[in-house]
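Okay, so here's the structure we're looking at.
In this chain, residues are counted from 1 in sequence order. Basis for what follows: all heavy atoms, side chains included, without hydrogens, waters or symmetry-related copies.
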Amino acid sequence: MDAVAHMEEDLKVLMKADPDRQESLQAEVIPDPMDGEQTWPTEEELNEANDFLKESSKVVKKVPKGTSSYQAEWILDEDGESGGEGDEYDDIEHGEFMEEESQDESSEEEEEECETMTIGESVRDDLYDEKVDEEAEEKMLEKYKQERLEEMFPDEVDTPRDVAARIRFQKYRGLKSFRTSPWDPKENLPQDYARIFQFQNFTNTRKRIFKEIEEKEVEGAEVGWYVTLHVSEVPLSVVEYFKRGAPLIAISLLPHEQKMSVLNMVVSRHPGNTEPVKAKEELIFHCGFRRFRASPLFSQHTAADKHKFQRFLTADMALVVTVYAPITFPPASVLLFKQNSKGMHSLIATGHLLSVDPDRMVIKRVVLSGHPFKIFTKMAVVRYMFFSREDVLWFQPVELRTKWGRRGHIKEPIGTHGHMKCNFDGKLKSQDTVLMNLYKRVFPKWTYDPHVPEPVPWVKSEISSTGPEVDME
């Protein structure tokens, strides 16, 4: 009795929730449909725009003394036309090809180390075939083919015959240089961007919040104390889940961590998993203390302002995964899992949280290919890139390049079947291929789901049933 009375005397309130300092639980922004309305410019704004255009259209030239303004318009600049800067896709890989060929020859000369093995006869062929899902095998084979084609011909697509190219690729644009050409990160944003929160400077906000936590002196519970938490407005589903005996984990959130935004994570492919993982495929994320399902985008991890979209999660380099998710402050570890048809989770990739930045631009590239039909000095007739005269005229301003490093432009269409006359900076080879790069910005889909099904544990019988047992001698 004395011990109980002593415990009751030691009871004290450590902390109470301050309504004035409590963060809002709003996770998404409620967009106003009137925010996107376009207002008609006033007459003063139109006059200011016309004056600006007149001033900007004036060009300063050096002309002989006594030349009139009309004559000065016909005098060309001394600089002439300047060639555009090359981008990261202009390199010719002849040296790399010769190096790989020499490595293959040297590897053939080396003596291979062989191991003998005996395969058990515990699994018969007819019983093994009963467990094979033919439909799943066909889907996996198709994904392997797509991944292999992407490695051999990156971003190359066939021009459709049933749909006009100017309609099929109407959202794409041409760029003089992928690295240096400007692209406004605020143009043509999807409707989902009206629901998220964005920081003006994510790095400074993170430093300020962490500094406030270090300076704040809060009296907390010590090791060995029994603490009772009183939480209000708990959802009924959480209470029922807790009554079934499941553990309840309480985590204190930092400011803004309950709000939705765009998370970018740097991940590397796990060497133990070799199945192809396509972009926009549903994966299970373990980001910090959170676990959720989403369909992410993959892009290259570079320091530029534009990042090329990747169609598959490659194993030879680190990629950036972009997804809608609640805000989390680094450092935070990231694990990517994939759930198979039997409910088991397999580890796909590991990494860390890079940033919370909706302005990070993921650019998808498609490459249209054509073949030289007739080759002249610096001109060639190209076919099979387009199949109508209107498509040639539509894409005429876009620059062309070839796999052997030539650059050119479309001069004019020939006939009505998509043949076109093109000028290049040098003579083409007959085995060369004419390419056209088109780009568009892609955004993740709002597929965030915090409810992740419990994984089925890996069973020894499930592992051994994938094939016959192998005994190494």
On the 0 to 90° scale, with breaks at 30° and 60°, tag the [X]-[Y] ring pair as parallel, tilted or perpendicular.
| X | Y | value |
| --- | --- | --- |
| Tyr324 | Tyr193 | perpendicular |
| Phe210 | Phe329 | perpendicular |
| Phe202 | Phe199 | tilted |

query: Phe197 and His256: ring-ring contact (aromatic ring centres under 6.0 Å, His included), yes or no, with the steps?
result: CA-CA 9 Å; Phe197 291 84; His256 313 296; 8.2 Å; no

Whether [Y] and [X] form a salt bridge (side-chain N of Lys/Arg under 4.0 Å from carboxylate O of Asp/Glu) is what I want to check.
| X | Y | answer |
| --- | --- | --- |
| Asp192 | Lys445 | no |
| Lys364 | Asp155 | no |
| Glu281 | Arg311 | no |
| Glu212 | Arg208 | yes |
| Glu187 | Arg173 | yes |

message: Side chains of Tyr384 and Val434, heavy atoms from C-beta outward: is any pair under 4.5 Å?
response: no

task: Taking the side chain as every heavy atom from C-beta outward, state whether Met260 and Gln26 have any atom pair closer than 4.5 Å.
output: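 Of all side-chain heavy-atom pairs linking Gln26 with Met260, none is under 4.5 Å.
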
Ring-face cation of [X] near [Y] (centre distance under 6.0 Å, axis angle within 45°):
| X | Y | result |
| --- | --- | --- |
| Arg195 | Trp446 | yes |
| Lys378 | Phe424 | no |
| Arg161 | Phe387 | yes |

statement: Residues Met265 and Val323: closest non-hydrogen pair is CE-CG1, 3.8 Å

message: Tell me every residue that passes side chain to side chain contact (heavy atoms under 4.5 Å, CB included) with Arg360, counting only those two or more places apart in sequence or in another chain.
response: Asn264, Ser299, His307, Val320, Thr322, Asp357, Val362

message: ring-ring contact (aromatic ring centres under 6.0 Å, His included), that's the test. Do Phe386 and His419 meet it? Break it down for me.
response: CA-CA 7 Å; Phe386 304 108; His419 292 204; over 10 Å; no

message: Surrounding CG of Asp316 (heavy atoms of other residues, nucleotides or ligands, distance under 6.0 Å), is the total greater than 12?
response: yes

query: Which is it for Phe178 and Tyr439 under the ring-ring contact (aromatic ring centres under 6.0 Å, His included) test, yes or no, and what are the steps along the way?
result: CA-CA 9 Å; Phe178 183 82; Tyr439 304 90; 5.4 Å; yes

